[in-house]
Amino acid sequence: MDNVETNNGGQQEQELNYLNNGHSVRSWLLTRDHKRIALLYVLSVSFFFLVGGIYAGLLRVELLTPQSDLFEAATYNRIFTAHGVIMIFLFLIPAIPATLGNFFVPLLIGAKDLAFPRINLLSWYLYMGGAGLAVWALMQGGVDTGWTFYAPYSTTFSNSYVVMTGLGAFVVGFSSILTGLNFIVTIHTMRAPGMTWFRLPLMIWSHYATSLIMILGTPVVAITIVLLALERIARVGIFDPSIGGDPILFQHLFWFYSHPAVYVMILPAMGVMSELVANFSRKRVFGYEFVAFSSIAIAVIGFLVWGHHLFVSGQSFYAGMVFSILTMIVAVPSAVKVFNWTATLYQGSLSFDTPMIYAYGFLGLFLVGGLTGLFLGTAGMDIHLSDTYFIVSHFHFVMVGGTVMGYLGGIHYWWSKMTGRHYSEFWGKISAMLVFIGFNLTFFPQFILGYLGMPRRYASYPEEFQVLNIFSTLGASVLGVGYGLPVIYLTYSFFFGKKADDNPWKLPGLEWRTSSPPPTENFKETPIVTWEAYDFSEDNGIEIERTPETEVQPSS
Amino acid sequence: MFMQSENIPLFPEQASTFAWQVDYLFFYITAICLFFGLGVVLVVLAFAYKYKEQKKFASPRNIHGSLVLEFTWTAIPFVLAMSIFVLGTIVFHNLYSMPQDATEIFVVGKQWMWKFQHGTGQREINELHVPVGRKIKLTMTTEDVIHDVYIPAFRTKADVVPGRFTYLWFEATKPGKYRLFCAEYCGLNHSGMGGWVYVMEQKDFDSWLSGTDADKTPVQAGEDLFNNKLGCASCHAGGDTQRGAKLEGIFGKEVKLVGGNTAQRDEQYLRNSILNPGGQVVEGYQPIMPTFKGQVTEEQLVSLVAYIRSLSPDAASAPSTGSGNGTGTETESEDKAGDDQGDK
Ligand SMILES: [Cu+2]
Ligand SMILES: [Cu+2]
């Protein structure tokens, strides 16, 4: 747009953008710019991904042999709990919404910022505060309840820092509520002129659906944690039957949030996926309305399926049946999305740039993750598979295969917009492929282990399971390299990478019509939207056709 | 069965009337998954090949969508999902509804052991003997946290929940020895809370039921209790990798306890170790040994103590209760315990 003139040669004097608009620590820590807050989040969630990943590595090494040799059972139990708590609460839930969502929700709809910039900053501080509590609990000795905190073990029997960790999750939960609230208000009230609901990029629809879950579901887990603490500290009988409570009640409350939380993790990744598929096929997403509404359908139906976690808990037969059928139904909108993405490729002009490799990877892993969900949603089948490595593998495929692929795909896709620099395509592709291969090597053996009957959360296990566990650990080391590489080449790119154009791929989205990196106020002029989402209809570049006031086309 | 190789099992044994039902359900769902999964992958690969960009930044024809397609690919998965649901619910129903004519066995879980009691009064720990071809119903509860009885070869499991009874039934189809796991995380020694289900021909089962220890010496009886009936060997045998303290050659020696005290390992000490292990935890070990208070009779205690003493053949001669049986028994029993551990 209007900044094009200055950016065209690339070598003119530095233009003011959100990155160089203030360099002091203060200007970062007290920023109200959603883009800076997003970067704070990128750093913090990536850090916790690393920490959680180190815990995962320790688990995999320990599982090389059947006995406990590296750690005792007590330590092992604390490590898998730490891995779960960190990955779920500190990485997966905020991973995409708080980073890419924070950065791009306003940019994609043509807004200057989120509706409540201060609340946005507050949410980051809450996240850091909660994370601090959890880390503090870890350093005191950790928790050994598993990230699920099942009562009465957590309330009466465990001698670990349950309340402190719970408090951490509680506080982090508020950060997620505030983020959701901010998104909803922003999407309702701050769309650029002409940006109607059905012109919104699908990333926005999926973030809207995610936000609904965040604000409706998170308070329930917050209350559950409070009840847990009440029972643990004050011995108020809520869950422990020896003082009058009901342990199954805990599971209902816990999963009422924690199942939808899975969609908090996967829906934003699906949003990224829609962007990638459309933009790298250079076509509108096939069946836009269906993809958009399937996000809402997933969010709504997703609230009604939590009982599939209780098929073996002594829940009644009819309850099991109802939860089973609802779980089958919630699978359908996800399938619809997959078919629509596939159809989008039809007659497209497909490129194989790094983000698109991640998109293909997402499709592969999410297919496996989603389809294996059918086994677990089938009550008669789940009896055998529940609490085995089959489920461990399933949810890693969905949450890690899906969310992390989406996260990395999105980071690569928007990297030039966020930093104004290019990363190395070569290393990008290598690491995307390593992640895909390593992921499958790690988790496929676990499906077999699960069907054979290896229970999860076992510090030591029978010898007949060893060979498959060795394969899994080998795969995990490939995966580790795949995840490690981007940290290196992206950091390098941030400081030394080749300067990027405003719109290196010639894409139509609003975010590509401002400079890279964008100015603090995002758009020099409020954009006026006259086109559908993903409208590639002109051959010769999008800006000229779509924004008549711009005369100069940035050269690549 | 199929896909089975010597050392790397790829498919679990089928040993109950549920096994084939669950496995067929598994194959059915797998077939549907392969159909969709491979279908999508093939189409994506074909498109990726066919529509690879010819020219950078082209603008291909825009296609908005197709109601017919949307309807088709909503309806087909929906119908198939419902078929899975129906079949799954039938299997679920079979697993869930308890037969009237089953033999009942009571199960109590506690951190970290399983206690079984047969209708005829026999008690077992971490082991369950059942006859082949008879319906068995487990009526279960727990003394502390939630546990879960899981027998993969039977394709069934159920949580064991404090404060209520839960039920599980099965009919074994093949004599043999099958793993029993605790599948609900229950704390420190969760992964050690397992054992075996022995499926026996009816006549073997009957003789097992009526088996008596009358003709055994205390040491032999103790050895049997230690290795088989009470499951001590699951922690106290296995050489370098065992979780429990080493018991060989300890009798009569001093022991350092957690908390700084020391104690003399005499009969009274051994007895306390069994009845109240938490009260005197040996330094260097986790306090995972469960109490056996109320589960062993005085008579059995005497036998256990005699057996443990016999593991220290050169301990200074100690008072009364049947002298150690000497080295022979000791090595023998150790070997046996070792075998039990390594067994499949
Ligand atoms: Cu769920
Ligand atoms: Cu357990």
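Naming convention: chains lettered A, B, ... in sequence-line order (proteins, then strands); numbering from 1 in each chain. The analysis underlying the following values was restricted to heavy atoms, covering all of them including side chains, and did not include hydrogens, waters or symmetry mates.
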Given heavy-atom pairs under 4.5 angstrom as the criterion, report whether the side chain, backbone, both or neither of [X] touches chain B.
X: Leu449(A); answer: neither
X: Ser281(A); answer: backbone
X: Phe80(A); answer: side chain
X: Val338(A); answer: side chain
X: Phe465(A); answer: side chain
X: Arg78(A); answer: neither
X: Gln347(A); answer: both
X: Phe286(A); answer: both
X: Glu532(A); answer: side chain
X: Tyr461(A); answer: neither

Under 4.5 Å heavy-atom distance to chain A, tell me which part of [X] shows up: side chain, backbone, both or neither.
X: Phe181(B); value: both
X: Thr30(B); value: both
X: Cys182(B); value: both
X: Gln111(B); value: side chain
X: Leu80(B); value: neither

**OP:** Report the C-alpha separation of Asp387(A) and Glu184(B) in whole Å, then their side-chain angles, then the decisive distance to 0.1 Å, and conclude whether the side-chain contact (heavy atoms from CB on, under 4.5 Å) test is met.
**Re:** CA-CA 7 Å; Asp387(A) 275 312; Glu184(B) 183 62 63; 3.2 Å; yes

